[in-house]
Structures are given as C-alpha cells and as structure tokens.
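Since the structure comes first, as structure tokens, the remarks are kept for the end.
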Amino acid sequence: MKELDKAGKEFLLNSIRCINDFPKPGIVFRDITTLLNNKEAFNFLIDHLAARYENASIDFIAGIESRGFIFAAALAARLRLPFVPIRKPKKLPYITISQKYSLEYGVDEVQIHIDAFGEKAGAKVLLIDDLIATGGTAKASVELINQTNAVCVEACFLIDLKDLGGSKNLRPLTKIYSILEI
Ligand code: AMP
C-alpha cells in the first residue's frame, strides 16, 4: 500500500504547529489545527489516505474522539464508507460496549454503540487518530473493535511520537501505519 515520499512528509510536518509546554510544562503539543486550516495540506493528507485505502476492502472507518473524528470522517466521506465514532464515556446515547485502560493516575474508557459495525461478522475496520503517544487510547480502541464481531485491520496515525513506545505496544494487536514518525 502507498506511503508518502520524503517531500510529502515534510510538507505535512511543516503544516503542523508545535506549542511548547501545553497542556503542561515539558509537553510539545502537536497542533493540527494549522494543517486543517491549510486547504492544500488537508486535501493532500486526505488524498494520500484515500489512495492508500481505496482498494483495501475496508468496510468501516472508526475515529477516536476528538481529533481522530476529523480525519476519519473526511476519509470515510471521500471513500463512501461508513464512519464510526469511538467516544469517551457517557457521550453515546444508545446501548454501548466499553473498554477500560490505565492512565498514569487512574483509568479511562472508550465506548462505541453496540450496533456500530452492523450484523455481518468479520467486517474490516480501519482505525484513525491524529497522534499516538503512549498508545493507551489506541490500544483500548483496537480491543474495543475486536470485542465486537468486526476486526481492526489497520490503525493509522498522522503522527507517531515513537520514543513514547505506543506503536510498539500496539503492534502485536494490529497493523500500524504512521504517516509521520517524530
Ligand atoms: P496516548 O493514549 O498516550 O497515545 O495519547 C494519544 C492521544 O492524546 C491522542 O488522541 C492525541 O490527540 C493526544 N496527544 C498525546 N500527546 C500529544 C501531543 N504531544 N500533541 C498533541 N496531542 C497529543
């Protein structure tokens, strides 16, 4: 499947703004609003993802709340595929299934609607988020998809903060495509 060349990666990387010490000291926050605000960069990204996945026999595209929704929904519309939101607890109104995961202090949870992937067993799901750091959210999301009768066939991230080890932890569960490794 298609990957971006060096010039394409640099173009996308340069469209993302870095904010030091946000939301707390020591964190370099990767601000994708500047990519979304740049119509060439946003379309370049969605064109690339569409080319990569158009013949991949994907049945559903799932996005992780909240920045994952933006890319996943744009790609789903482009590929004429259904979009599924993976949400934080108590946001979804119908019957949900949940997956808990550990944070540095305490636990968090992700949820989807029980009927999100339809009734056909073995539906292929592409999972999308903007960024993988420690990988806790993404791992719980893959486990959540695989709890249903669907299967996560690839997890796709715009940015992989490699040193934090998230993609390494996730790799035993699913294939991973990170467009930019930082
Ligand atoms: P994690 O569960 O540690 O992999 O965290 C991933 C989630 O946190 C993603 O949904 C990101 O949007 C967000 N996140 C974590 N670190 C950063 C960062 N340095 N810049 C922007 N977003 C981040």
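Here the structure is a predicted model, which means the values were calculated and not measured. Just follow the structure's listing: the first ligand is 1, and inside any ligand the first atom is 1.
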Check: Taking both backbone and side-chain atoms of Glu65, is any N or O found less than 3.5 Å from an N or O belonging to ligand 1?
Finding: no
Item checked: Minimum-distance protein heavy atom relative to atom 13 (C) of ligand 1 -> Arg67 NH2, 4.0 Å
Next item on the list: Could you tell me whether the side chains of Ser15 and Asn38 share a donor-acceptor contact shorter than 3.5 Å?
Entry: no
Margin query: Against ligand 1, does Gly135 come closer than 4.0 Å with any heavy atom?
Written below: yes
Next item on the list: Can you spot which of Leu144, Asp108, Ile112 makes a side-chain contact (heavy atoms from CB on, under 4.5 Å) with Gln99?
Entry: Leu144
Notebook entry, point to check: Among protein heavy atoms, which lies nearest atom 3 (O) of ligand 1, and at what distance?
Noted result: Thr134 OG1, 2.5 Å
Notebook entry, point to check: For residues Tyr53 and Glu154, is any side-chain donor paired with an opposing acceptor at under 3.5 Å?
Noted result: yes
Next item on the list: Starting from the C-alpha separation in whole Å, work towards a yes-or-no answer on side chain to side chain contact (heavy atoms under 4.5 Å, CB included) for Leu79 and Leu49.
Entry: CA-CA 10 Å; Leu79 294 180; Leu49 292 175; over 6 Å; no
Next item on the list: Report the C-alpha distance between Asp59 and Lys120 in whole Å, list the side-chain angles of each, state the deciding distance to 0.1 Å, and finish with yes or no for side chain to side chain contact (heavy atoms under 4.5 Å, CB included).
Entry: CA-CA 10 Å; Asp59 297 306; Lys120 200 184 97 198; 4.1 Å; yes
Margin query: Any protein heavy atom at under 4.0 Å, with atom 1 (P) of ligand 1 as the reference point?
Written below: yes
Margin query: Could you identify the single nearest non-hydrogen protein atom to atom 20 (N) of ligand 1 and state the distance to 0.1 Å?
Written below: Arg30 N, 3.0 Å
Next item on the list: Would you check the N or O atoms of Ala133, main chain and side chain alike, for any that come under 3.5 Å of an N or O of ligand 1?
Entry: yes
Notebook entry, point to check: Just distances here: any N/O of Val28 and N/O of ligand 1 closer than 3.5 Å?
Noted result: yes
Next item on the list: Check Ile132, Ile16, Leu131 against Leu158 for a side-chain contact (heavy atoms from CB on, under 4.5 Å) and give me the one that passes.
Entry: Ile16
Margin query: I need the single residue from Ile32, Ile27, Val28 that forms a side-chain contact (heavy atoms from CB on, under 4.5 Å) with Arg30. Which is it?
Written below: Val28
Check: Nearest to atom 15 (C) of ligand 1 by heavy atom, Asp130, Leu131, Ile16: which?
Finding: Leu131
Check: Heavy-atom contact under 4.0 Å between Leu161 and ligand 1?
Finding: yes
Check: In ligand 1, which numbered atoms sit nearer than 4.0 Å to a non-hydrogen atom of Asp129?
Finding: 9 (C), 10 (O)
Item checked: NZ/NE/NH1/NH2 to OD/OE distance under 4.0 Å, Glu65 and Lys88 -> no
